[in-house]
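Before any comments, here is the structure.
No hydrogens, no waters, no symmetry mates; every other heavy atom, side chains included, goes into these values. Just so it is clear: chains get the letters A, B, ... in the order the sequence lines come, proteins before strands, and each one is counted from 1.
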Protein chains: 2
Amino acid sequence: MKMHSPPHPGEVLKELCLEPLELSVTRAAEALGVSRKTLSAILNGRAGISPEMALRLSQAFGTSAESWLNQQMQYDLWVTEQTVGKLDVEKLSAA
Amino acid sequence: MKMHSPPHPGEVLKELCLEPLELSVTRAAEALGVSRKTLSAILNGRAGISPEMALRLSQAFGTSAESWLNQQMQYDLWVTEQTVGKLDVEKLSAA
DNA sequence: CCTGATTGTAACCTATTACGTTACAGGTTA
DNA sequence: TAACCTGTAACGTAATAGGTTACAATCAGG
């Protein structure tokens with residue numbers, strides 16, 4: 001039913017965390033304790049948010065790690081739904 | 001704050017889905033369209049629930065894919081919290 | 001006792017992904 | 001021009017989901 005893509009967590013991170021604080025990618029990566037490449041990949045949607053990265057974000061920005069992983073989960077699920085074709089699954093329960 | 005482990009999703013799958021329907025591992029793997037090894041690994045906590053597997057479970061048992069991924073996320077986060085030491089993260093926001 | 005079914009798991013393979021360092025090219029700005 | 005930020009390619013490591021095949025252990029029926 002859901003048709004359009006949930007936002008990639010990297011977009012949210014950029015718009016809600018980096019831009020309001022006027023943080024450069026280089027500076028933010030430094031603060032998070034990861035390489036500039038790693039953060040850049042996330043911001044540009046070429047990598048997801050790992051549990052460890054979620055912890056880093058929560059410590060740096062005072063947000064919850066769950067919220068980041070939740071967004072990532074929604075995004076991954078949407079991508080998978082769009083990607084995989086019909087799965088050959090047999091219905092098992094009555095409901 | 002949280003101290004004890006959230007249940008591994010494999011336990012939940014076994015107790016809430018397989019056992020009530022008296023499904024064997026072999027039979028359930030067949031129905032899900034995956035190898036017996038793959039399902040066994042999940043049931044015994046040696047593999048996590050991937051987005052595709054969550055879709056298979058939702059189709060087989062009439063549950064939501066999100067609920068499975070949510071459990072997996074909680075579990076992964078807990079494991080990561082227990083595993084990684086102090087992360088060298090600089091606090092960035094005021095809150 | 002033998003047979004068949006079920007199970008966990010090891011050994012091997014592939015594909016993907018997060019992360020790192022180094023290096024380059026393009027842009028902006030003082 | 002020089003200093004900085006940026007995306008990204010090229011190389012590496014480690015982890016993980018998935019597959020097939022094969023083996024040993026358990027348990028139920030004949």
Side-chain angles (χ1 to χ4, degrees), chain A residues 8-11 13-15 17-19 21-58 60 65 68-69 71-73 75-85 87-89 92, chain B residues 8-11 13-15 17-19 21-58 60 65 68-69 71-73 75-85 87-89 92:
Chain A
H8 186 283
E11 288 180 42
L13 178 58
K14 181 192 282 184
E15 293 169 14
C17 299
L18 300 205
E19 289 177 353
L21 297 175
E22 286 179 322
L23 287 166
S24 73
V25 177
T26 303
R27 175 76 190 90
E30 213 173 83
L32 288 167
V34 300
S35 73
R36 181 171 65 85
K37 180 197 166 167
T38 295
L39 180 56
S40 175
I42 291 173
L43 292 175
N44 291 286
R46 292 183 1 264
I49 298 199
S50 65
E52 182 177 322
M53 183 60 69
L55 286 179
R56 291 182 188 273
L57 293 175
S58 78
W68 292 110
L69 291 179
Q71 289 179 58
Q72 187 63 51
M73 185 257 277
Y75 183 78
D76 289 344
L77 184 54
W78 182 84
V79 170
T80 302
E81 280 168 353
Q82 307 301 312
T83 300
V84 305
L87 297 173
D88 197 32
V89 176
L92 284 174
Chain B
H8 187 283
E11 288 179 41
L13 179 57
K14 182 193 279 183
E15 292 169 15
C17 299
L18 301 205
E19 289 177 353
L21 297 176
E22 288 180 320
L23 287 166
S24 73
V25 177
T26 303
R27 175 75 189 89
E30 213 172 83
L32 288 166
V34 299
S35 73
R36 182 170 66 85
K37 179 198 166 168
T38 295
L39 182 56
S40 175
I42 291 172
L43 293 175
N44 291 287
R46 294 186 354 266
I49 297 198
S50 65
E52 182 176 322
M53 183 61 69
L55 285 179
R56 291 182 188 273
L57 292 175
S58 78
W68 292 110
L69 291 179
Q71 289 179 58
Q72 187 63 52
M73 186 257 278
Y75 183 78
D76 288 344
L77 184 55
W78 183 84
V79 169
T80 301
E81 280 167 352
Q82 307 302 311
T83 299
V84 305
L87 297 173
D88 196 32
V89 176
L92 285 174

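- Each of B/Arg27 and A/Gly48 lies near DNA chain C, and the nucleotide nearest B/Arg27 is the one positioned closer to the 5' end.
- Remark: C1' of C/dT17 and CG of B/Asp76 are 14 Å apart, rounded to the nearest angstrom.
- To the nearest 0.5 angstrom, A/Asp76 atom CG is 11.0 Å from A/Glu81 atom CD.
- In this structure, CG of B/Leu39 is placed 10 Å from P of D/dG19, rounded to the nearest angstrom.
- For the atom pair CE of B/Met53 and CG of B/Leu32, the computed distance is 6.5 Å after rounding to the nearest 0.5 Å.
- The phosphate of C/dG20 (OP1 or OP2) has a side-chain N or O of A/Thr38 nearer than 4.0 angstrom.
- Listed nucleotides: C/dT9, D/dG18, D/dA9. Nearest to the side chain of B/Ser50: D/dG18.
- Applying the 4.0 Å criterion to OP1 and OP2 of D/dT6, one finds that A/Ser40 has every side-chain N and O outside that range.
- In this structure, the CD1 atom of A/Ile42 is 15 Å from the C1' atom of D/dG7, given to the nearest Å.
- For the OP1/OP2 pair of D/dT6 and a distance below 4.0 Å, the side-chain nitrogens and oxygens of A/Thr26 include at least one atom meeting the criterion.
- As a whole-Å value, the separation of A/Lys14 NZ from D/dT6 P is 10 Å.
- Spacing between atom CD of A/Glu22 and atom P of D/dT6 amounts to 13 Å, rounded to whole angstrom units.
- In this structure, the CD1 atom of A/Ile49 is 15 Å from the C1' atom of C/dT17, given to the nearest Å.
- Of the candidate nucleotides D/dG7, C/dA18, C/dG8, C/dG8 has the atom nearest to the side chain of B/Arg36.
- Closest to the B/Lys37 side chain, of the nucleotides D/dA10, C/dC12, C/dG8, is C/dC12.
- Whole-Å rounding puts the B/His8 NE2 to D/dT16 C1' distance at 12 Å.
- B/Leu55 has its CG atom 16 Å from the P atom of D/dA17, to the nearest Å.
- Nucleic acid contact for B/Ser24: sugar-phosphate only, since backbone atoms but no base atoms lie under 4.0 Å from a heavy atom of the residue.
- In summary, of the residues considered (B/Thr80, B/Thr83, B/Val84), a side-chain contact (heavy atoms from CB on, under 4.5 Å) with A/Pro51 occurs for B/Thr80 alone.
- DNA chain D is contacted by both B/Val34 and A/Leu23; A/Leu23 maps to the nucleotide lying nearer its 5′ end (nearest heavy atom per residue).
- Using modelled atom types, no side-chain atom of A/Ser40 and backbone atom of A/Lys37 make a donor-acceptor pair closer than 3.5 Å.
- When the nearest nucleotides of DNA chain D are assigned to A/Arg46 and B/Glu52 by heavy-atom distance, the more 5′-ward of the two goes with A/Arg46.
- A salt bridge does not link B/Glu11 with B/Lys14: every distance from a Lys NZ or Arg NE/NH1/NH2 to an Asp or Glu carboxylate oxygen is 4.0 Å or more.
- Out of D/dG7, D/dG18, C/dC19, the shortest distance to the side chain of A/Val25 is found at D/dG7.
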